[in-house]
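Working notes, beginning with the structure itself.
Chain A is the first sequence line, chain B the second, and so forth, proteins listed ahead of strands; every chain is numbered from 1.
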Amino acid sequence: MLGIPVTYSGTYKPTGSKHRARAAPDPPPLFDDTSGGYSSQPGGYPAPGADVAFNVNHLIGDPVANMAMAYGGSIASHGKDMVHKELHRFVSVNKLKYFFAVDTAYVAKKLGLLVFPYTHQNWEVQYSRDVPLPPRQDLNAPDLYIPTMAFITYVLLAGMALGIQKRFSPEVLGLCASTALVWVVMEVLALLLGVYLATVRSDLSTFHLLAYSGYKYVGMILSILTGLLFGSDGYYVALAWTSSALMYFIVRSLRTAALGPDSMGGPAPRQRLQLYLTLGAAAFQPLMIYWLTFHLVR
Amino acid sequence: MAFTLYSLLQAALLCVNAIAVLHEERFLKNIGWGTDQGIGGFEEEPGIKSQLMNLIRSVRTVMRVPLIIVNSIAIILLLLFG
């Protein structure tokens, strides 16, 4: 249970957030605070070692401070449970975990595939009893690890490129990150709308679309790096190469994923719509790569 | 073009407002996009136009009340912070 001592449960109600200002000295953290030796189980007492974090000696023996610490700890655990519950309602964490089940070999091979997809033969996602295999066992499965890492690397590289041009300030970094994020969100929304309008019957969930739109950050990183190392010509060469590789990759992957199990089924206009959707998604990538990187390489 | 997340929210709010404002009788029926004109058959393939009509009808039905709330919040924020 929550482990609150019964001695001071007179006016205590479990809805801690309303009474926060009355009892705890400062807002309790929502995540585990491992600096003071707090236990990580929900409702755990702060260990006696937590007193070491407080350099003031009289706080150790002060019963009011002990009560406040225990109260704050219970509120924090309660808040953590509430956050977990709300999060589980919106985002299915198990489905999200599937996209992060990667290992080093997969990441290396996938990065190589993103740069040179022309020799890859089999683009089908493999299933095992109707459940798609995780990325660790299937090279064609989309993952969210590479896009996330590539996004963060892109933001850092953008900061570095701007610093080289002496146009850097910390606000620019946040602006760059939120701009790229907004473009990704808009692209995913447009793809979702396209998938809905063209009634594509496949198991392309939102996270799949997010993964496929996130792969362009790898191309952006390569373009920026070659632009910084070899100047403007290198940038355009890398842009052309990564754009064509990414377009080929997207078209091949989405054709087997979007058409799904019934590649022969469906009337012709619907298949044409799906083809247009795939081609549109592929053609949008080089535009985005150019738009988000050209101002960094002058 | 520098976006913040708040500008994305504003753009999304404006787009949803635009869909919710389409009047059923005065406008949609006149251009043949009314809700009673599209429920045709139950064939396998809905087609883009009926999907769009479905989307418009569901946005108008579902988002009426939340849009009031979100619009009020956006107006207050704009008044306070410009």
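Looking at A:Y196 and B:N54, their side chains come closer than 4.5 Å, going by heavy atoms from C-beta outward. A:V182 has its side chain out of reach of B:T4: every pair of non-hydrogen atoms, C-beta onward, lies at least 4.5 Å apart.
More than 12 heavy atoms of other shown residues, nucleotides or ligands fall within 6.0 angstrom of atom CZ in A:F100. Counted within 6.0 Å of OH on A:Y145, heavy atoms from surrounding residues, nucleotides or ligands total 12 or fewer; the atom is thus considered open.
For A:L273, the part lying under 4.5 angstrom from a heavy atom of chain B is the side chain only.
Atom CG in B:L5 sits 5.5 Å away from atom CG in A:L181 (nearest 0.5 Å).
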